[in-house]
Student: 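This structure is in structure tokens; I'll ask about it shortly.
Below, all heavy atoms of this structure are taken into account, side chains as well, without hydrogens, waters or symmetry copies.
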Amino acid sequence: MADVLGLNTDEELDELASRRDLGLWLHAVLQRFHAHEPESVQTDRAASSQRMDHWAEQVRADLRLDEVAFLPFWASWPLLRDGYLDWWFKHWPSGARAWQLEQAWEQELAEGVRIFGQLDRVDRSDRASGETQLWVMDYKTERVETARRRARSGSEDTQLAFYAALAQQAAPEAKIQAAYLCVGDANRDPGEAGTRWEEHPDVMADAAVVMAGVVADWSALQASAPMPALGESPACDHCRARGLCRRDVWEAVHG
């Protein structure tokens with residue numbers, strides 16, 4: 001009963017911050033950094049580094065993350081920060097500016113079919129030629145190899161395909177690139193503490209395939225057609241439809 005009511009003593013609680021804490025903290029740090037970063041000093045690396053430090057501490061305090069519990073992440077923060085700024089100072093000369101941060105978008109695909117998602121970040125560049133370039137990105141603190149495999153899996157990478165489709169609705173004329181932005185964690189990947197851009201190649205072509213599949217599946221459901229359970233672990237662990245599908249449970253029972 002003590003467990004149910006949350007009445008355990010402090011000694012029984014996990015004293016270290018979790019990777020979920022790291023993810024929430026990092027998303028908020030980058031959001032505030034770019035929301036308040038003045039373009040006039042984007043060439044001042046030292047000033048940008050100081051502002052990142054400020055937001056790192058401010059967000060930790062806002063999230064009420066204990067300083068001692070957060071020490072493992074603080075130890076790797078200078079490498080994480082510098083690796084991110086290395087990437088950012090190479091990226092922004094292309095004209096890229098943080099355009100949408102943690103923005104929820106929706107799109108209507110067909111009658112009765114809407115897709116929605118919260119995009120970590122979309123950068124935009126409006127060029128003198130009249131072309132608009134969008135960079136759709138999702139932050140990751142996972143291993144670079146994991147993000148790379150996902151990004152290069154074509155239409156199997158439904159996350160970036162969905163995000164790219166949403167971004168296209170917001171800027172139909174834009175050229176769109178989408179990628180996982182792997183912000184390195186020195187505690188997890190000591191040799192890859194820098195930020196890596198793992199792009200989904202030809203994402204708009206794959207987005208078109210995925211969106212067509214969504215509409216086709218919805219039409220089939222309306223026609224009472226049986227739908228196969230296509231989920232695979234570990235994706236099943238996070239899917240909102242797991243209670244209906246239970247594909248991972250069936251595989252465990254039936255082999």
Side-chain angles (χ1 to χ4, degrees), residues 23-24 27 31 34-35 96-127 129-140 146-147 149-181 197-251:
L24 292 173
H27 276 67
Q31 179 187 18
H34 285 290
R97 300 295 180 266
W99 178 49
Q100 300 286 346
L101 301 167
E102 304 290 345
Q103 181 68 41
W105 287 359
E106 293 187 17
Q107 178 187 353
E108 185 171 0
L109 293 181
E111 185 176 356
V113 181
R114 297 184 67 83
I115 62 171
F116 60 91
Q118 180 163 311
L119 281 63
D120 287 348
R121 176 170 154 196
V122 180
D123 286 4
R124 177 170 180 155
S125 174
D126 294 307
R127 297 173 177 171
S129 63
E131 180 186 56
T132 296
Q133 171 77 55
L134 297 185
W135 291 270
V136 177
M137 59 191 80
D138 187 73
Y139 299 134
K140 295 295 185 186
T146 301
R149 285 195 300 270
R150 185 187 301 109
R152 296 180 182 179
S153 64
S155 58
E156 292 296 314
D157 178 24
T158 56
Q159 183 177 10
L160 287 181
F162 264 77
Y163 289 173
L166 288 166
Q168 186 180 46
Q169 177 75 5
E173 78 289 353
K175 178 183 178 183
I176 296 174
Q177 293 176 264
Y180 296 109
L181 193 64
W197 172 266
E198 294 299 332
E199 185 174 357
H200 181 133
D202 204 11
V203 69
M204 294 315 302
D206 287 329
V209 171
V210 173
M211 295 305 105
V214 169
V215 173
D217 287 347
W218 177 247
S219 298
L221 282 170
Q222 288 183 307
S224 301
M227 302 297 291
L230 299 176
E232 296 181 2
S233 185
C236 292
D237 298 337
H238 309 287
C239 179
R240 293 182 180 180
R242 184 171 181 268
L244 297 173
C245 170
R246 307 292 288 190
R247 167 66 180 268
D248 55 334
V249 176
W250 296 346
E251 288 186 338

Student: Less than 4.5 Å apart, side chain to side chain, heavy atoms only: is that true for Gln118 and Glu102?
Tutor: yes
Student: In this structure, are over 12 heavy atoms from other groups packed under 6.0 Å from Trp105 atom CH2?
Tutor: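 Counting other residues, nucleotides and ligands, CH2 of Trp105 exceeds 12 neighbours.
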Student: Which heavy-atom pair separates Arg152 from Pro201 by the least distance, and what is that distance?
Tutor: CA-CD, 4.5 Å
Student: Atom CD in Gln31, atom CD in Gln103: separation rounded to 0.5 Å?
Tutor: 10.0 Å
Student: Which atoms form the tightest heavy-atom contact between Ala178 and Glu199, and what is the distance?
Tutor: O-CG, 3.3 Å
Student: Let me confirm one number: the CD-CZ distance from Gln133 to Arg127, rounded to the nearest 0.5 Å.
Tutor: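 If we round to the nearest 0.5 Å, Gln133:CD and Arg127:CZ are 5.0 Å apart.
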Student: Is there side-chain contact between Asp206 and His200, with at least one heavy-atom pair below 4.5 Å?
Tutor: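 The answer is yes, as the side chains (C-beta and beyond) meet within the 4.5 Å cut-off.
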Student: Does any part of the side chain of Trp135, heavy atoms only, come nearer than 4.5 Å to the side chain of Val122, both counted from C-beta?
Tutor: no
Student: Taking all heavy atoms of Val136 and all of Ala167, pick out the closest pair and write down the distance.
Tutor: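 Shortest heavy-atom contact: CG2-CB, 3.6 Å.
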Student: Any chance you could measure Leu134, atom CG, to Asp123, atom CG, to the nearest 0.5 Å?
Tutor: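 Output value for this atom pair is 9.0 Å.
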Student: Under 4.5 Å between any side-chain heavy atoms of Met137 and Asp120, yes or no?
Tutor: no
Student: If you compare all heavy atoms of Ala147 against all heavy atoms of Tyr180, which two are closest, and at what distance to 0.1 Å?
Tutor: O-CD1, 3.8 Å
Student: Answer whether the closest heavy-atom distance between the side chains of Trp218 and Leu109 falls below 4.5 Å.
Tutor: no
Student: How long is the span from the CE atom in Met204 to the CD1 atom in Ile176, to the nearest 0.5 Å?
Tutor: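 That separation rounds to 4.5 Å.
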Student: To the nearest 0.5 Å, how far apart are CG in Asp138 and CD in Glu198?
Tutor: 13.0 Å
Student: As a quick check of understanding, evaluate side chain to side chain donor-acceptor pair (under 3.5 Å) for Glu108 and Gln169, giving each step before the final call.
Tutor: CA-CA 9 Å; Glu108 185 171 0; Gln169 177 75 5; over 6 Å; no
Student: Work out which heavy atom in Ala165 is nearest to a heavy atom in Gln107; give both atom names and the distance.
Tutor: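 Heavy-atom minimum between the residues: O-OE1, 2.9 Å.
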Student: For atom CD of Gln222, is the number of surrounding heavy atoms from other residues, nucleotides or ligands below 6.0 Å larger than 12?
Tutor: yes
Student: Do Arg150 and Lys140 come within less than 4.5 Å of each other through their side chains, counting heavy atoms only?
Tutor: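 Counting from C-beta outward, Arg150 and Lys140 do come under 4.5 Å.
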Student: I need the Tyr139 OH to Arg121 CZ distance, nearest 0.5 Å.
Tutor: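 Tyr139 atom OH to Arg121 atom CZ measures 4.0 Å (nearest 0.5 Å).
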